[in-house]
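Following: one structure in structure tokens, then a few remarks.
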Amino acid sequence: MTNSNREVFLDKIATKAGRPRHQLKNHPFVPINDLPESTLAGKSQDELLELAQKNSEAVHVTFEKTNRISLSTLLNDFLSAKDINNLILPTCDKWAAFGLSDWENKLADSTEFWTPESSRTENLAKANAADGAIGFADYLLAESGTITVATTPGQGRGFHFLPTHYLSIIPKSHILSRSRQAMHKYEAAIASGKLTTSNINFITGPSNSGDIEMVLVVGVHGPLDMTYVVVEDL
């Protein structure tokens with residue numbers, strides 16, 4: 001909706017309601033406290049890692065810590081333990097930074113990729129048929145055990161929600177205290193032109209439902225399980 005269309009739409013609602021328009025510029029937001037900025041602000045990166053592990057495991061996430069050298073071995077163990085035969089990977093430039101270029105190349109012929117060249121329908125079909133996905137998160141929020149990841153042409157939204165087993169790789173340096181800090185970083189990246197995205201996903205463990213006679217069922221309408229792998233030397 002353009003600004004002009006929005007104004008016409010809101011004016012029409014105000015007229016029908018028989019009251020003047022409420023203008024935000026006349027009622028600026030005034031926060032009642034600084035909790036979004038100050039909560040966990042004094043924690044070291046090691047303390048945030050410990051908290052992130054505790055809160056991730058509380059939402060049924062398998063939490064792993066490793067280093068760059070051992071990362072490929074951990075991923076192979078994941079593929080073997082979950083008996084994954086149809087793997088999907090993102091198309092991105094992060095493989096080298098994590099020391100995974102050779103690992104990715106060895107899998108290239110037998111693995112599907114979410115690619116910018118494929119249509120949305122094709123990418124969704126590949127993700128839906130996959131029994132495993134290994135991708136990269138932007139940030140891990142210590143307070144809630146939530147990973148955040150912006151949708152990109154090489155790692156679309158369906159990549160994270162359709163495969164049966166899901167593993168996300170996060171650098172230890174990208175563990176943040178909570179959502180406010182993540183949004184500050186996304187806002188800066190978008191403003192500078194470094195990031196163009198249609199949406200930002202906040203994913204807190206595998207899907208679950210606790211509304212059926214108060215019984216928690218994990219893996220209701222998404223990955224059956226999720227694994228977070230924190231790379232400590234990045």
Side-chain angles (χ1 to χ4, degrees), residues 61-64 66-140 146-174 182 186 189-190 193-207 219 221-231 234:
V61 169
T62 300
F63 197 95
E64 302 282 358
T66 189
N67 56 37
R68 194 170 178 268
I69 293 176
S70 302
L71 179 56
S72 60
T73 300
L74 188 151
L75 297 182
N76 287 333
D77 290 344
F78 168 79
L79 297 177
S80 177
K82 300 298 183 183
D83 192 25
I84 292 173
N85 298 302
N86 300 304
L87 177 67
I88 188 169
L89 299 175
T91 300
C92 63
D93 58 1
K94 295 183 178 181
W95 300 106
F98 285 87
L100 293 173
S101 295
D102 290 341
W103 181 86
E104 180 214 10
N105 290 333
K106 288 177 182 178
L107 290 174
D109 292 336
S110 59
T111 300
E112 294 286 2
F113 283 81
W114 186 291
T115 64
E117 296 79 19
S118 299
S119 69
R120 180 176 183 272
T121 300
E122 291 171 329
N123 279 324
L124 288 175
K126 288 186 286 187
N128 192 47
D131 54 4
I134 295 176
F136 299 97
D138 299 323
Y139 303 106
L140 169 58
T146 299
I147 57 170
T148 74
V149 56
T151 290
T152 63
Q155 191 175 237
R157 180 169 51 186
F159 177 92
H160 312 286
F161 303 113
L162 293 176
T164 308
H165 306 285
Y166 180 85
L167 182 147
S168 188
I169 303 169
I170 313 104
K172 177 183 174 182
S173 59
H174 284 209
Y186 281 122
I190 292 171
K194 292 181 179 180
L195 174 64
T196 300
T197 185
S198 60
N199 71 294
I200 298 170
N201 304 288
F202 285 65
I203 308 169
T204 308
S207 63
H221 45 74
L224 295 181
D225 55 72
M226 293 189 69
T227 301
Y228 298 166
V229 176
V230 174
V231 183
L234 284 174

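Heavy-atom basis, side chains included; hydrogens, waters and symmetry copies ignored. What you are looking at is a predicted structure, and each value in this text was computed from that prediction instead of being measured.
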Name all residues meeting the side-chain contact (heavy atoms from CB on, under 4.5 Å) criterion together with Ser72; count only those two or more places apart in sequence or in a different chain, and write none if there are none.
->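 Ser72 satisfies side-chain contact (heavy atoms from CB on, under 4.5 Å) with Leu100, Trp103 only.
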
Ser119: what forms a side-chain contact (heavy atoms from CB on, under 4.5 Å) with it, not counting sequence neighbours?
->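 Once residues adjacent in sequence are excluded, the partners of Ser119 under the side-chain contact (heavy atoms from CB on, under 4.5 Å) criterion are Thr121, Glu122.
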
Which salt bridge (charged side-chain N to carboxylate O under 4.0 Å, His left out) pairs, counting each pair once, include a residue from [range], with sequence neighbours left out?
range	answer
residues 68-91	Lys82-Asp225
residues 149-168	none
residues 130-140	Lys94-Asp138
residues 95-105	none

Any chance you could measure [X], atom [atom1], to [Y], atom [atom2], to the nearest 0.5 Å?
X	Y	atom1	atom2	value
Tyr166	Ile88	OH	CD1	11.0 Å
His160	Gln155	NE2	CD	4.0 Å
Leu71	Glu64	CG	CD	11.0 Å
Leu79	Leu107	CG	CG	7.0 Å
His165	Ile134	NE2	CD1	12.0 Å
Ile170	Tyr228	CD1	OH	7.0 Å

Those residues that, when tested against Lys172, pass salt bridge (Lys or Arg N to Asp or Glu O under 4.0 Å) (two or more places apart) =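 Testing Lys172 for salt bridge (Lys or Arg N to Asp or Glu O under 4.0 Å), a comparison that skips the adjacent residues, returns Asp46.
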
Sub-3.5 Å donor-acceptor pair from the side chain of Thr151 to the main-chain atoms of Thr197, do we have one?
->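 It does not hold such a pair.
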
N/O donor-acceptor pair under 3.5 Å between Thr148 side chain and Phe202 backbone |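 Checked: no pair found.
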
Looking only at heavy atoms, what is the nearest atom pair of [X] and [Y], with distance?
X	Y	answer
Ala129	Asn86	O-CB, 3.8 Å
Pro171	Val230	C-CG1, 4.4 Å
Ile84	Gly132	CD1-CA, 3.7 Å
Pro163	Ala133	CG-CB, 3.5 Å

Could you tell me if the side chain of [Y] sits less than 4.5 Å from the side chain of [X], heavy atoms only?
X	Y	answer
Ile203	Thr146	no
Thr152	Cys92	no
Asn123	Phe113	no
Thr227	Val61	no
Thr196	Ile190	no
Asn201	Phe161	yes

List for me each residue that meets side chain to side chain donor-acceptor pair (under 3.5 Å) alongside Ser70, sequence neighbours excluded, and say none if there are none.
->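 With neighbours one apart ignored, the set is Asn67.
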
Can you name the residues that form a side chain to side chain donor-acceptor pair (under 3.5 Å) with Asn105, not counting sequence neighbours?
->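 Residues passing side chain to side chain donor-acceptor pair (under 3.5 Å) with Asn105: none at all.
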
Over 12 foreign heavy atoms within 6.0 Å of CG, Asp93 =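 Not buried by this count: 12 neighbours or fewer within 6.0 Å.
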
With sequence neighbours excluded, what pairs up with Phe98 under the ring pair (Phe, Tyr, Trp, His ring centres under 6.0 Å) test?
->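 So Phe98 forms a ring pair (Phe, Tyr, Trp, His ring centres under 6.0 Å) with Phe136.
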
With sequence neighbours left out, what residues match Tyr139 under ring pair (Phe, Tyr, Trp, His ring centres under 6.0 Å)?
->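 Applying ring pair (Phe, Tyr, Trp, His ring centres under 6.0 Å) to Tyr139 gives His174, Tyr186.
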
Residue pairs involving residues 106-116 (criterion side chain to side chain donor-acceptor pair (under 3.5 Å); sequence neighbours excluded) |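 Side chain to side chain donor-acceptor pair (under 3.5 Å) check on residues 106-116 returns Thr115-Ser118.
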
